[in-house]
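Read through the structure below, which is laid out as structure tokens, and then see the notes.
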Amino acid sequence: MKCFALALAAVLLGGVAGCERQMRGMYQQPRYDPGEGSSLFPDGKAARPPAPGSVPAAAGQLAATSSGRRGREVPAQWQAADAAGSPAPITRALLLHGRERYEIFCMPCHSPVGDGDGPVVRRGFPRPPTYHQQRLREAPDRHFFDVMTHGHGIMYSYADRITPEDRWAIVAYIRALQLSQHVQLSALPPALRESLPASPAVPASGSAGAAR
Ligand code: HEC
């Protein structure tokens, strides 16, 4: 009996060793390393140049030292758009586009109204500050753009997912959200103002007005 068990163990171990050999074979497939040469192409390089019009997701020193994971340098053509500031005039179409992008990328944490009570936060993610506080009402548009571009505290950057044009559309929509919770009666068109109940039924700062 003992002898049989030993034989069985030997057979099983042999099987495992065979498996391991097969796996090694998969790990060690022929491939080119970065910068390696190849006689296959006329320029002697194994790496092919990117197709015309390719946009790098990551570039520069940080990308080179981290397999691209930490490369946050903004490609030159985006930098130009960044420097120009908000490029498009604020129209209904731009706001609707900003709303769509906001609901995809920001709403999960910042909530549909921007008070920081989004579905991801309800499941335990740290709560972001509400947009409806004095500091963020007074912050320049550029601040929102920069937070999306570079991240802020524990919020990571969206530079690689949202183009500068779309970031400005989101900024415009966040401004509309802020206005929706905090508007001076005197800023409303007369017809709308008159249609509202006399006072003080409309609070000046809206329900989400408190700072965090
Ligand atoms: C995964 C959750 C999450 C998503 C998605 C997210 N944020 Fe945030 N955001 C946070 C958190 C958390 C903070 C607070 C960060 C801190 O203070 O450490 C924050 C802070 C901010 C702030 C406040 C910065 C300040 O001055 O205090 C702004 C503005 C902001 N986010 C805008 C956005 C925009 C615009 C988007 C969509 C493009 C977005 N966030 C997407 C979690 C998120």
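Starting from 1, each residue takes its place in the sequence as its number. Both ligands and their constituent atoms are indexed starting at 1 by order of listing.
Within the 4.0 Å heavy-atom shell around ligand 1 one does not find Y102. Using a 4.0 Å heavy-atom cutoff, V121 is absent from the residues neighbouring ligand 1. The shortest heavy-atom distance from R135 to ligand 1 is under 4.0 Å. Assignment of V171 to the shell around ligand 1 is not supported, since no heavy atom sits closer than 4.0 Å. Heavy atoms of V147 approach ligand 1 to within less than 4.0 angstrom. Close to ligand 1: H143, with a non-hydrogen atom less than 4.0 angstrom away. Ligand 1 has P126 within reach: a non-hydrogen atom of the residue lies less than 4.0 Å from it.
The shortest N or O to N or O distance between G153 and ligand 1 is not under 3.5 Å.
In this structure, Y131 and H110 have parallel ring planes: the angle between them is below the 30° cut-off, well short of the 60° mark.
Those atoms of ligand 1 that come under 4.0 Å of a heavy atom in F144, given as number and element, are 29 (C). Using a 4.0 Å cut-off to heavy atoms of Y156, the atoms of ligand 1 that qualify are 1 (C). Those atoms of ligand 1 that come under 4.0 Å of a heavy atom in I154, given as number and element, are 12 (C), 15 (C), 16 (C), 18 (O). Ligand 1 places these atoms under 4.0 Å from at least one heavy atom of L136: 26 (O). Near I174, with a cut-off below 4.0 Å to any heavy atom, the atoms of ligand 1 are 35 (C). Of all the atoms in ligand 1, the ones that sit under 4.0 Å from a non-hydrogen atom of I162 are 38 (C).
In this structure, L136 is a member of the same hydrophobic cluster as Y158, with clusters built from ILVMFWY side-chain heavy atoms closer than 4.5 Å. Cluster membership check: M107 shares its hydrophobic cluster with W168, using side-chain heavy-atom separations under 4.5 Å among Ile, Leu, Val, Met, Phe, Trp and Tyr.
Atom CG of residue L185 and atom CG of residue L192 lie 9.5 Å apart, to the nearest 0.5 angstrom.
For V120, no heavy-atom contact with ligand 1 is shorter than 4.0 Å. Contact annotation for M148 and ligand 1: only side-chain heavy atoms (C-beta onward) come within less than 4.0 Å of the ligand. Contacts with ligand 1 closer than 4.0 Å are made by no heavy atom of P108, backbone or side chain.
Side-chain contact between L188 and L196 is present, with heavy atoms from C-beta onward closer than 4.5 Å. Within the 4.5 Å cutoff, the side chain of V121 has heavy atoms near those of the P128 side chain.
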For residues 40-49, dump all side-chain donor-acceptor pairs below 3.5 Å to protein atoms at least two apart in sequence or in another chain.
{"unit_1": "D43", "atom_1": "OD1", "unit_2": "K45", "atom_2": "N", "d": "3.0"}
{"unit_1": "D43", "atom_1": "OD1", "unit_2": "R48", "atom_2": "NH2", "d": "2.8"}
{"unit_1": "D43", "atom_1": "OD2", "unit_2": "R48", "atom_2": "NH2", "d": "3.3"}
{"unit_1": "R48", "atom_1": "NH2", "unit_2": "K45", "atom_2": "O", "d": "2.8"}

Between side-chain atoms of residues 94-102 and protein atoms elsewhere (two or more places apart, or another chain), which donor-acceptor pairs fall under 3.5 Å?
{"unit_1": "H97", "atom_1": "NE2", "unit_2": "D166", "atom_2": "OD1", "d": "2.8"}
{"unit_1": "R99", "atom_1": "NE", "unit_2": "E103", "atom_2": "OE2", "d": "3.3"}
{"unit_1": "Y102", "atom_1": "OH", "unit_2": "S111", "atom_2": "O", "d": "2.8"}

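Residues I170 and C106 come closest through the heavy atom pair CG2-SG, 4.1 Å.
No donor-acceptor distance shorter than 3.5 angstrom exists from the side chain of R167 to the backbone of F145, with no hydrogens or angles considered.
Ranked by closest heavy atom to atom 3 (C) of ligand 1, the top entry among G116, C109, P128 is C109. Between the choices F125, F105, Y173, Y131, the shortest heavy-atom distance to atom 33 (C) of ligand 1 belongs to Y131.
The number of heavy-atom neighbours closer than 6.0 Å to CZ of R122, taken from other residues, nucleotides and ligands shown, is 12 or below.
Our summary of the site lists the angle at atom 8 (Fe) of ligand 1 between NE2 of H110 and SD of M155 as 170°, to the nearest 10 degrees.
When H143, R142, H150 are each tested for a side-chain hydrogen bond (donor to acceptor under 3.5 Å, both in side chains) with D146, only one passes: R142.
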